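The structure under discussion is supplied below as structure tokens; questions concerning it will follow.
All values below come from the heavy atoms of this structure, side chains included, with hydrogens, waters and symmetry mates left out. No experiment lies behind these values; they were computed from the predicted model shown.
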Amino acid sequence: MADVLQPDSNSLQIPSENVSTPSSPATARNDCSITPLTPSPSPRVEVRPRMACPFSVVIAIDFGTTSSGYAFSFTQDSEAIHMMKRWEGGDPGVANQKSPTCLLLTPDLRFHSFGFAARDFYHDLDPEEARHWLYFDKFKMRIHSTSDLTMETELEAVNGQKVRAIDVFAHALRFFREHALKEVKDQSSSVLEGDEIRWVITVPAVWRQPAKQFMREAAYLAGLVSPDCPEQLLIALEPEAASIYCRKLRLHQVIDLSMQPITNGLELDVSRPFDSSFRQAREQLRRSRHSRTFLVESGTGELWSELQTGDRYVVADCGGGTVDLTVHQIEQPQGTLKELYKASGGPYGAVGVDLAFEAMLCQIFGEDFIQSFKAKRPAAWVDLMIAFEARKRTASPGRTNALNISLPFSFIDYYKRHRGQSVEAALRRSNMNIVKWSSQGMLRLTQEAMNELFQPTISKIVKHIEELMTKPEVCGVRFLFLVGGFAESPMLQKAVQKALGRTCRIIIPHDVGLTILKGAVLFGLDPTVVRVRRCPLTYGVGVLNRFVEGRHPRDKLLIKDGREWCTDILDRFVSVDQSVALGEVVRRSYTPARLGQRKIIINIYCTATDDVTYICDPGVRKCGTITLDLPEPLPPPGAVGGAGAGTPERREIRATMQFGDTEIKVTAVDVMSNRSVRASIDFLSN
């Protein structure tokens, strides 16, 4: 690998050829230290001129843990958002504007189907044959939970077989690409070229840079855009997209679940008005889904007329896998958004209820049996979880009768053959009084049982929102918007209302499950709408500074060309929770280590705190690399036959980094020739 930087007598200094993280600063400290020629202590603002959108259509894909979908808008009619066609299949009583995020591969690893088609085909397979097919569901969670995500990270199918995660995600995105393009072309009066389409993919705000880059690489692999045209693809943060759409809402498009009598007349005992209002919201959602085109306000909606200058609001995106919280302030009169506190959240989505149900089954029937059944009868296990999902949606706090969940015949038969007794006997032996057995072959979950399944996940969500509300930047928030698929659950609604209804207004859009998708389209139409973001981490590089006796530890001392240097110092680009405006840049200049060098590689480090000095401090880790591909240097003026007079001038490469977008970006220029330098930033190759 190439050398990185040349030590300079007048500035700080550089790593050697090996760019891996040193195990010991004393033995390999040159490896992780570089010298900015022109350190800039804080980001600078470069005002971006507002330009007409260069694309004819924006297509957004909301890639969710449990359900996914797409929507699009033509830039010449940007107030109309067209939702994807309704899917065939699905569960009775559930409005299917989106498709379940499940994917099926053939035994020879070819793509077969996605969504309802994948689910239904897998269900109909012979049990023995199904063991050879690869069925994936809720696979997005794997990306969030993997700390060392790479292009080679694998996903495990229901049958236990593993394939590369990037291939599974690419199959899903390719499926949406084909369906969306066909629908767009059907509605377009002109022939659209590939470069006329801007794509937007949603990700949780709590995802780090490697996961965002992973989705971008999957989109390249799926053929959404070319790596040579990265600006055609935007990564949208899910709660941010929801916030963008919420600022367009009119009063008749929301349900206000606050407990404040002045605003909505609810009594302290709000169970009846709560249930009634939520039923109204669900009915409104069903009616609205008969039309697949939604119109949005050209400015901000009338809901915002109640906001005073400086008012803040929280958006809680409660999805299948994660819960994401973002805090925004709407800036009048331009209607742009300013993030006030770094995005927070965690894996507290609706999948937690499914896992609690699985744990309950393990408690009743034995963990060894459940694992064996999942391995030997994978399709039947999927059927069981689908049955639970359908009943889970009907759970509500005021329900008095039990919920019936059908057990597949193969479950009942498999248990009798492997345990020598009936499912009913297992229930009696477990002493779990909150789960009963029905002679029709059903588990009957009492209200107490449903509370036990929901409570751990809901408690984490409520606790996280309450903790966020205590932060100085968030204190005094007047509005809390609940969005995402899990926000449709009356169990979650009631818990949030009880905990927070007295302190702020709790607002739920009628089309709560589609809020993120619509906002992602709006973001694609105008990516400058979020003007200020907060940095989730501190980012920087390792450099050498002049050694100061008494301030720097002796084990950091490096003597080079007679000078004393302190190695491993973290040169910050940005700090955690720092406000960074759209268009702000951080600049550093570097010089090649030797003549003829064609590549500069710089290690990036990150940490969740700002209280660090060295790159080897606890909590600091290498998270990526910046690569600068250097062009052939131009001959100096007056050179003859490629040889100039005297010593050639030292070359300066100026790198410019942007931290105010949803992804970190880098560009570079050769200062002497003013030529662009190919620059890339990689978070997936550690």
Check your understanding: Considering all heavy atoms of both residues, which atom of C318 and which atom of V323 are nearest to each other, and what is their separation?
Key ->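 Scanning both residues completely, I find the closest heavy atoms to be CA-CG2, 4.0 Å.
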
Review point. Can you tell me how far CZ of R119 sits from CG of D124, rounded to the nearest 0.5 angstrom?
Key: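 Answer for the CG-CZ pair, D124 versus R119, is 11.0 Å.
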
Exercise for review: Would you indicate whether the side-chain heavy atoms of W437 and L443 approach each other to under 4.5 Å?
Suggested key: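 Yes, side chains in contact.
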
Check your understanding: Restricting to pairs with a member in residues 210-223, which pass side chain to side chain donor-acceptor pair (under 3.5 Å), not counting sequence neighbours?
Key ->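 Residue pairs passing side chain to side chain donor-acceptor pair (under 3.5 Å), neighbours aside: Q213-D682, R216-Y220, R216-E663.
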
Exercise for review: Would you kindly say whether Y414 and S372 are connected by a side-chain donor-acceptor distance under 3.5 Å?
Suggested key: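 S372 and Y414 do have a side-chain donor-acceptor pair below 3.5 Å.
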
Practice item. Fit a plane to each ring of Y135 and Y122, take the angle between them on a 0 to 90° scale, and name the class: parallel (under 30°), tilted (30 to 60°) or perpendicular (over 60°). Key: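 The rings of Y135 and Y122 lie parallel, inter-plane angle below 30°.
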
Review point. Does one side chain, of D108 or T106, offer a donor that lies under 3.5 Å from an acceptor on the other?
Key: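 The criterion, which ignores hydrogens and geometry beyond distance, is satisfied for T106 and D108.
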
**Study point:** With sequence neighbours excluded, residues passing side chain to side chain donor-acceptor pair (under 3.5 Å) with D137
**Key:**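 None.
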
Exercise for review: Determine yes or no for a side-chain-to-main-chain donor-acceptor pair under 3.5 angstrom, with K98 supplying the side chain and G513 the backbone.
Suggested key: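 The answer is yes, because a donor-acceptor pair under 3.5 Å joins these two groups.
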
Exercise for review: Considering non-hydrogen atoms only, spot the tightest contact between Q497 and I506 and give its length.
Suggested key: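 Shortest heavy-atom contact: CA-CD1, 3.5 Å.
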
Exercise for review: Could you tell me which non-hydrogen atom of L155 sits nearest to which non-hydrogen atom of A165, and how far apart they are?
Suggested key: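 It is CG-CB, 3.6 Å.
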
Check your understanding: Would you call F169 and F139 a side-chain contact if the rule is heavy atoms closer than 4.5 Å?
Key ->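 Answer yes - side chains close enough.
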
Review point. Taking the six-membered ring for Trp, are F121 and W133 ring centroids under 6.0 Å apart?
Key: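 When the ring centroids of F121 and W133 are compared, they turn out to be within the sub-6.0 Å range.
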
Practice item. State, with a plain yes or no, whether a side-chain heavy atom of L109 is found less than 4.5 Å away from one of L134. Key: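 They are in contact (side-chain heavy atoms under 4.5 Å apart), so the answer is yes.
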
Distance-only donor-acceptor pairs under 3.5 Å for side chains of residues 343-358, two or more places apart:
from: S344; atom 1: OG; to: H464; atom 2: NE2; distance (Å): 3.2
from: D354; atom 1: OD1; to: K392; atom 2: NZ; distance (Å): 2.9
from: E358; atom 1: OE2; to: K374; atom 2: NZ; distance (Å): 2.9

Review point. Listed by chain and number, what are the ring pair (Phe, Tyr, Trp, His ring centres under 6.0 Å) partners of W381, not counting sequence neighbours?
Key: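 Expected list: none.
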
Practice item. Might you confirm whether atom CD of Q371 has over 12 heavy atoms from other residues, nucleotides or ligands at distances under 6.0 Å? Key: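 For Q371, atom CD is crowded (more than 12 foreign heavy atoms under 6.0 Å).
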
Point to revise | Set of residues satisfying ring pair (Phe, Tyr, Trp, His ring centres under 6.0 Å) with respect to F136, sequence neighbours excluded | key: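 Testing F136 for ring pair (Phe, Tyr, Trp, His ring centres under 6.0 Å), a comparison that skips the adjacent residues, returns none.
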
Check your understanding: Which pairs with one or both residues in residues 443-457 pass salt bridge (charged side-chain N to carboxylate O under 4.0 Å, His left out), sequence neighbours excluded?
Key ->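 Passing the test, one end in residues 443-457: no pairs.
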
Point to revise | Side chains of H82 and V184 in contact at under 4.5 Å (non-hydrogen atoms) | key: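 Not touching, per the 4.5 Å side-chain cut-off.
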
Review point. Does E240 offer a backbone N or O that forms a donor-acceptor pair with the side chain of T326 under 3.5 Å?
Key: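 Looks like no, no N/O pair under 3.5 Å.
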
Point to revise | Listed partners of S422 passing side chain to side chain donor-acceptor pair (under 3.5 Å), at least two apart | key: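 Once residues adjacent in sequence are excluded, S422 has no partner under the side chain to side chain donor-acceptor pair (under 3.5 Å) criterion.
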
Review point. Which heavy-atom pair separates A71 from M83 by the least distance, and what is that distance?
Key: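 That would be CB-SD, 3.8 Å.
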
Review point. Nearest 0.5 Å, what's the CG-NZ distance between L445 and K436?
Key: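 It is 11.5 Å, given to the nearest 0.5 Å.
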
**Study point:** Minimum side-chain heavy-atom gap L403-T394 below 4.5 Å
**Key:**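 Side chain of L403 against side chain of T394, heavy atoms only: contact under 4.5 Å found.
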
Review point. Could you state the interatomic distance from OG (S73) to CD1 (I59), rounded to the nearest 0.5 Å?
Key: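 Those atoms lie 11.0 Å apart.
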
**Study point:** Beyond-backbone contact of S489 with R393, side-chain heavy atoms, under 4.5 angstrom
**Key:**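 Side chain of S489 against side chain of R393, heavy atoms only: no contact under 4.5 Å found.
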
Practice item. Can you run down the salt bridge (charged side-chain N to carboxylate O under 4.0 Å, His left out) pairs that involve residues 151-165, sequence neighbours left out, and say none if there aren't any? Key: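 Counting only pairs at least two positions apart or across chains, the salt bridge (charged side-chain N to carboxylate O under 4.0 Å, His left out) contacts touching residues 151-165 are E152-R164, R164-D167.
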
Exercise for review: With rounding to the nearest 0.5 Å, note down the distance linking CG in D120 to CD1 in I386.
Suggested key: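 Those atoms lie 7.5 Å apart.
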
**Study point:** Ring centre gap for F175 and H179 strictly below 6.0 Å
**Key:**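 Ring centres of H179 and F175 closer than 6.0 Å.
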
**Study point:** Whether R391 side chain and N404 backbone form a donor-acceptor pair below 3.5 Å
**Key:**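 Looks like yes, one N/O pair under 3.5 Å.
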
Check your understanding: Quick one: side chain to side chain donor-acceptor pair (under 3.5 Å) partners of H132, sequence neighbours excluded?
Key ->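 Applying side chain to side chain donor-acceptor pair (under 3.5 Å) to H132 gives none.
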
Practice item. Taking all heavy atoms of I166 and all of A218, pick out the closest pair and write down the distance. Key: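 Nearest pair, atom of I166 first, then A218: CD1-N, 3.6 Å.
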
Check your understanding: Can you list the residues that meet the side chain to side chain donor-acceptor pair (under 3.5 Å) rule with Q161, with sequence neighbours excluded?
Key ->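 Applying side chain to side chain donor-acceptor pair (under 3.5 Å) to Q161 gives none.
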
Check your understanding: Are E389 and K138 within salt-bridge range, i.e. N to O under 4.0 Å?
Key ->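 K138 and E389: not salt-bridged.
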
Check your understanding: Should the pair E178-K182 be classified as a salt bridge under the 4.0 Å nitrogen-to-oxygen rule?
Key ->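 A salt bridge is absent here (no side-chain N lies under 4.0 Å from a carboxylate O).
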
Point to revise | Inter- and intrachain pairs under ring pair (Phe, Tyr, Trp, His ring centres under 6.0 Å), touching residues 391-412, at least two apart | key: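 As it turns out, the ring pair (Phe, Tyr, Trp, His ring centres under 6.0 Å) pairs with a partner in residues 391-412, which skip direct neighbours, are F365-F411, F369-F411, F373-F411.
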
Check your understanding: Taking everything shown except R110 itself, do over 12 heavy atoms lie less than 6.0 Å from its CZ?
Key ->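 No, because the 6.0 Å sphere around CZ of R110 holds 12 heavy atoms or fewer from other groups.
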
Check your understanding: Got a donor-acceptor contact below 3.5 angstrom from the T101 side chain to the G64 backbone?
Key ->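 Checked: pair present.
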
Exercise for review: For A242, enumerate each residue passing the side chain to side chain contact (heavy atoms under 4.5 Å, CB included) test, keeping only those at least two apart in sequence or located in another chain.
Suggested key: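 So A242 forms a side chain to side chain contact (heavy atoms under 4.5 Å, CB included) with V315, V483, T515, I516.
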
Check your understanding: Between L361 and F388, is any pair of side-chain heavy atoms under 4.5 Å apart?
Key ->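 No, too far: nothing below the 4.5 Å cut-off.
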
Exercise for review: Determine yes or no for a side-chain-to-main-chain donor-acceptor pair under 3.5 angstrom, with R621 supplying the side chain and C623 the backbone.
Suggested key: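 Not confirmed, R621 side chain does not pair with C623 backbone.
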
Check your understanding: Are any of the side-chain heavy atoms of C229 and D195 separated by less than 4.5 Å?
Key ->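 They are not in side-chain contact.
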
Exercise for review: Find the distance between OG1 (T446) and CG (N433) and round it off to the nearest 0.5 Å.
Suggested key: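 Those atoms lie 9.0 Å apart.
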
